[in-house]
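Please read the structure below before turning to the comments.
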Amino acid sequence: MLRTHTCGELRLADVGATVTLCGWVQNHRDHGGVIFIDLRDRYGLTQVVFDADVCGAAAKEQADRLRSEWVVQVEGEVRARGEKNANKQLATGDIEVFARRLTVLNPAPTPPFEIDEHAKVGEEARLRYRFLDLRRPAMQRRLLLRHRIVQAARRYFDALGFVEVETPVLCKYTPGGARNFLVPSRLHPGQFYALAESPQLFKQLLMIAGYDRYVQIAKCFRDEDLRNDRQPEFTQIDLEMSFVTMDDIMEVGEGMARAVWREALGVELPAPFPRLTWQEAMDRYGSDKPDLRFALPIVDLSDWAAGCGFSVFEKALEAKGVVRALNAPGAAEQLSRRTLDQLTEFAKGIGAKGLAWIKIGADPGRAEDWQGPAAKNITPQARAQLAERLQVRAGDVLFFGADTLKTVRTVLGAVRNQLGRELLQLARPGEWRFLWVHSAPLCEWSEEERAWVANHHPFTAPYREQLPLLASDPGAVLSQSYDLVLNGNEIGGGSIRIHDAATQQAVFQALGIGPEEAQRKFGFLLHALSYGAPPHGGMAFGLDRLVMLLSGAESIREVIAFPKTQRGRDEMLDCPTAVSERQLAELHILTRLPPA
RNA sequence: GGCCUGGUAGCUCAGUUGGUUAGAGCGCCGCCCUGUCACGGCGGAGGUCGUGGGUUCAAGUCCCAUCCAGGUCGCCA
């Protein structure tokens, strides 16, 4: 080793020792007669002192030329700083190293930005110089947290007897779902692999193979547009179990979350996590991933709305829609007319025709104290009933949605989030509200494709007793599926899988995938299912999102060492790039570029 | 693909109604300083104002196109 200690470990007990440190020059403070250097590595910072009386004139002169981010080796003696000169903010602040010998291991140009906690740097510069950005404490903290999370998960699953198995990244193209990245085959002209969008099929095959507890920290690839929490390659903590029910998987998944929070954050999560059916979540919170850091429940008022006096509501009912509302208790003062107008525009952006609201003044019993676009038209009787149904008190603000069921759910769900997270700031930092949302519909009608499409994926098992409905009313069939939601973010999800070929065929049929097509696309799975597939199920956690939430980062890019930009480029590697004609020829590929 | 925000010194930003030589802080370079620790003092260098075109006597500023970054909708079974 070129060093005897790291820059974070020397203490008063080491005083008198001769040590050798290696690291980067964080800072140099030249006082003429004496030079201070802060030497940094990922373990910490140690102050090195160059005094000509100790190190000699030549070494001091050399130290004088040191610049930020040079890599140096320093041999010297550990000395106590004394009460007066100690730096309480530094773990090594009680000591300093009086240099005797200095070796410049590598000089460096002035970095494009300062490598310290305080420097504000834009993301573009950070990504172009990611190797420098990763030296910064914030990035180190996040990558180390990620490491601890992964280790905690691995220990947890290992202790439960899970087997870690790697599955291929080069896979077969599977239609439906996310767009695949394609990889040309040199050996098979005109044919392509697809990068795995998830290990889904492989883990089912592993269950058929009898590995009844599988786990993998798996890279997944999806060629879709990027978002603040979406990258084209990302990591899942993927697991699958045999001979289990929904409850078993949820228990294991919940246990992992508890282990991760305990080991990575030192936080003890309450058990068990609350559960809602998909239907309950959608009705009560207008979302399949409700943020439970605040209440603001949505109440159905369809029966009340008939004859309430407000024609907008009544017409929505006549059109077979619904009327629902939520009460923001005591929010009247925080929600100015201007804010409410902005919220109305926000609702319109999501698909609402408008957003009826009522502001309650000092006395809910007086008609004049009900103000807002919906207030005047409502009959006194309807108003009294409303006060009862929404538990109206002075200073409350009521919001109404009147439209199709789907629109009202979406709009009030979004309004609820906007109120809770932004306008009323009801979500406290450091608060972790977990929730299982289970039993979502198996499939959903797609106007675009004029067909029923799988909500989760086509291998998700419906509830057994609802199988007969599959042919007659596919939309009514619920699936044995579950999503783990944290503070309004989906952090994981899974399902019990179909384990027999007959049911799988029936589901394919309902999804408009004929026997021939099914055979062509998923024949290997159907074949395998016929060879003694055990009942099985599993789930996957989005590791990047998990780390993002645990670290409080604003974007997924902050918890990935080398992320892509929103257009899918790597600014540091400068890729993707064009390749030579020769390479293309070898892959039997002709490119067809869009017109310039 | 649509919409929104931004692009000015190495970094983070300001730049008024279109008008003199485009500024600040940090960083950088030089000199001084023996107890600093985001040291301090003095001095200095550093700009295709993303790119291309247009309007104008005059464009960082107005218009059009385009590129890049971020956000968002579509998309993500």
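Each chain gets a letter, A, B and so on, in the order the sequences are listed, and its residues count up from 1. Since the model is a prediction, treat every value here as computed from it, not as a measurement.
The partner of B:A14, taking Watson-Crick or G-U wobble pairs whose two distances both stay under 3.5 Å, does not exist in any strand shown. Pairing for B:A58 is absent, judged as Watson-Crick or G-U wobble with the two contacts each under 3.5 Å. Checking B:G27 for Watson-Crick or G-U wobble geometry (two distances, each under 3.5 Å) identifies no partner in any strand.
Residue contacts for A:Pro112: at a heavy-atom cut-off of 4.0 Å it reaches the sugar-phosphate backbone alone, with no base atom in range. Within the nucleic acid shown, A:Glu197 comes within 4.0 Å of at least one base atom, counting heavy atoms only. Within 4.0 Å (heavy atoms only), A:Phe181 reaches no atom of the nucleic acid at all. A:Asp225 comes within contact range of at least one nucleobase, with a heavy-atom separation under 4.0 Å.
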At under 4.0 Å between heavy atoms, which parts of nucleotides 22-34 of chain B does protein reach? Answer with one letter per nucleotide, 5' to 3': B base, S sugar-phosphate only, - none.
-> ----SSSSS--BB
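The side chain of A:Arg29 contributes no N or O atom lying less than 4.0 Å from OP1 or OP2 of B:U36. Remark: A:Gln566 is in phosphate contact with B:G71, judged by side-chain N or O atoms under 4.0 Å from OP1 or OP2. Look at A:Arg227 and you won't find any side-chain N or O under 4.0 angstrom from OP1 or OP2 of B:G74.
The aromatic ring centroids of A:Phe234 and A:Phe221 lie 6.0 Å or more from each other.
Atom CZ of A:Arg569 is separated from atom P of B:G70 by 12 Å (rounded to the nearest Å).
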